[in-house]
Amino acid sequence: MPDSAPAVFDTDAEAQALIDFVDASPSPFHAVRTAAELLVGAGFVEVDEVEAFPAAPGRYYLVRGGSLVAWSTAGRPAGALCSFRVVGAHTDSPNLRIKPNPDLARAGWQLLGVEVYGGPLLSSWLDRDLGLSGRVAVREPDGRAGSRLLTVDEPVLRVAQLAIHLDRTQNEALSLNPQQHLVPLWGVGESPGDFRGWLGERLEVTAADVLAWDVMTHVVQPSRRIGRERDLIAAPRLDNLATCRAGVAALLHAAGQDGPHVPVLALFDHEEVGSVSERGAQSGLLTGTLERILGGSREDHLRAMARTVVASGDMAHATHPNYADRHDPQHQVRVNAGPVLKVNAQQRYATDSVGAAAFLLACEQAGVRAQRFVVRTDLPSGSTVGPITSALTGATTVDVGAPLLSMHSARELCGAHDPAMYA
């Protein structure tokens, strides 16, 4: 495999584009906003789900909470029998989320109660400077409920680790109880702080007008290129904002092409907790949107779906140099060596030979080499939105990704050349 991307790719520009996307997207709600801003800049128009979809060909997107679906019918030949080319990804990442009644005080410290979201590497959240981001529901001046984005990109929280002097076994086997050991501190005092009031000040409303929140922690250290040759990217939330960014780039490219296929981008929330929600991959968000895009009869829609191909993008495990025995020896994956085709006989990934062929030919046409990933047979495999999307749509689906180390850490690591080959 090559150590760098082919010269036809502007690797520096794509690496910086990924860094900018990640740093602008500390929560799923921000990721959707960041993606929407890029789409609007390319002529996409937002549609409201409660309204009839536009009949005229064009570039459109819709937002449902932390999820987004975008498509372009601008180049579709009039009257042609179409199909879809869908890229799916997810906007959420494992983190710590603020509880509804979070305020507490203990031993002279003010703390905030949190829940663990998804399956993070818990130790990676210790002793890091954390900000807060997400969505807050507020009472508007007219008495109705409204929604505000919250961005506190400054260090206000910290989960402090126990000193080694007080537990000499920590370097042998660190065991963290999420309820007891992951409570972040954010001040000093004998009385609890007032999180609701603090939110109100940030959003310029009264505490009584703060009704509810979907607020989560994020690492405030900026993403950056690292390594001797600056050929790596250290950043939070690469799983799976790297795919979200690549998906947006792919849609913008495809939207300028004529042909019978309608390009679609589906960014789902809640993948890290099973995708079961009104905006997760197991909802009717994608299937309902696809049916509405083309209009026509049910027969027309089903014929289009039979010709549809879905690429489910999520990050892939690069072979870890210190734990190479945790990887299948015939399926070693390297960073900066091209996108990854993910296969699993238990259907934890949706890839079959038909989908694999479509992906491999697409890589060949793009001038990039593909890698293949299979988990060790004696280890369980992760999963993503691919099998869910395949089951709901009946479309040929392939699971792909970009190589990554430290998956589900508060700060992950990918190759700086891979974003150009992944988009």
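Model, not experiment: these values are computed from the prediction. Note that these values count all heavy atoms, side chains included, but never hydrogens, waters or copies made by symmetry.
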One should read off an interatomic distance between I98 CD1 and R196 CZ, to the nearest 0.5 angstrom, of 13.0 Å
Please check if the side chain of H253 supplies one atom and the backbone of A249 the other of a donor-acceptor pair under 3.5 Å.
no
Hey, are the side chains of S223 and P236 touching, using non-hydrogen atoms and a 4.5 Å cut-off?
yes
Heavy-atom nearest pair, V400 first then Y422, reads O-OH, 4.1 Å
Test side-chain hydrogen bond (donor to acceptor under 3.5 Å, both in side chains) on T34 and S25; report intermediate values, then the result.
CA-CA 7 Å; T34 306; S25 308; 2.9 Å; yes
Could you check if a side-chain atom of W186 sits within less than 4.5 angstrom of a side-chain atom of D103, using non-hydrogen atoms only?
yes
4.5 Å side-chain heavy-atom contact, L404 and L413:
no
Quiz question: by atom type and distance under 3.5 Å, do the side chains of D239 and H408 form a donor-acceptor pair?
yes
If you count every heavy atom of other residues, nucleotides or ligands that lies below 6.0 Å from E46 atom CD, does the total exceed 12?
yes
Under 4.5 Å between any side-chain heavy atoms of W109 and V188, yes or no?
yes
Side-chain donor or acceptor of D269 paired with backbone N/O of G280 under 3.5 Å:
no
Taking the side chain as C-beta and beyond, is there a heavy-atom pair between Q221 and D129 under 4.5 Å?
no
One thing to verify: whether E272 and R237 come together as a salt bridge, which I'm taking to mean a side-chain N less than 4.0 angstrom from a carboxylate O.
no
Crowded around R292 CZ? As in, over 12 foreign heavy atoms under 6.0 Å?
yes
Here the pair of heavy atoms bringing S409 nearest to S124 is OG-CB, 3.3 Å
Step through the shown structure and confirm whether more than 12 heavy atoms of other residues, nucleotides or ligands are within 6.0 Å of CG on N101.
no
I'd like to know whether T351 forms a side chain to side chain contact (heavy atoms under 4.5 Å, CB included) with N344, so could you lay out the CA-CA distance, the side-chain angles of the two residues, the decisive distance to 0.1 Å, and finally the verdict.
CA-CA 7 Å; T351 305; N344 182 259; over 6 Å; no
Salt bridge or not for D12 and R225, using N-O below 4.0 Å?
yes
Would you call L252 and F44 a side-chain contact if the rule is heavy atoms closer than 4.5 Å?
yes
Which residues pass the ring pair (Phe, Tyr, Trp, His ring centres under 6.0 Å) test with Y117, sequence neighbours left out?
none
Heavy atoms from other residues, nucleotides or ligands near CD of E204 exceed 12 (cutoff 6.0 Å):
no
Ignoring hydrogens, what is the shortest heavy-atom contact between E49 and L285? Give both atom names and the distance.
OE1-CD1, 4.2 Å
What pair of heavy atoms forms the shortest contact from V385 to F268, and how long is it?
CG1-CD1, 4.2 Å
Would you say the side-chain atoms of E115 pair up with the backbone N or O of K99, donor to acceptor, closer than 3.5 Å?
no
Just jot down the ring pair (Phe, Tyr, Trp, His ring centres under 6.0 Å) partners of H320, sequence neighbours excluded, or say none.
Y323
Could you measure the distance from the CZ atom of F21 to the SG atom of C244? Nearest 0.5 Å is fine.
5.5 Å
Counting only heavy atoms from other residues, nucleotides and ligands, does the tally under 6.0 Å from CZ of R326 exceed 12?
no
Reported OG-to-CZ distance for the pair S27 and R97, which is rounded to 0.5 angstrom:
8.0 Å
Within the distance-only criterion (no hydrogens, no angle test), does the side chain of S312 pair as donor or acceptor with the backbone N or O of D399 below 3.5 angstrom?
no
Restricting to non-hydrogen atoms, name the atom on P28 and the atom on M216 that form the minimum distance, rounded to 0.1 Å.
CD-SD, 3.6 Å
Check S383 against Y349 and note the closest heavy-atom contact, atom names and distance.
CA-CE2, 4.2 Å
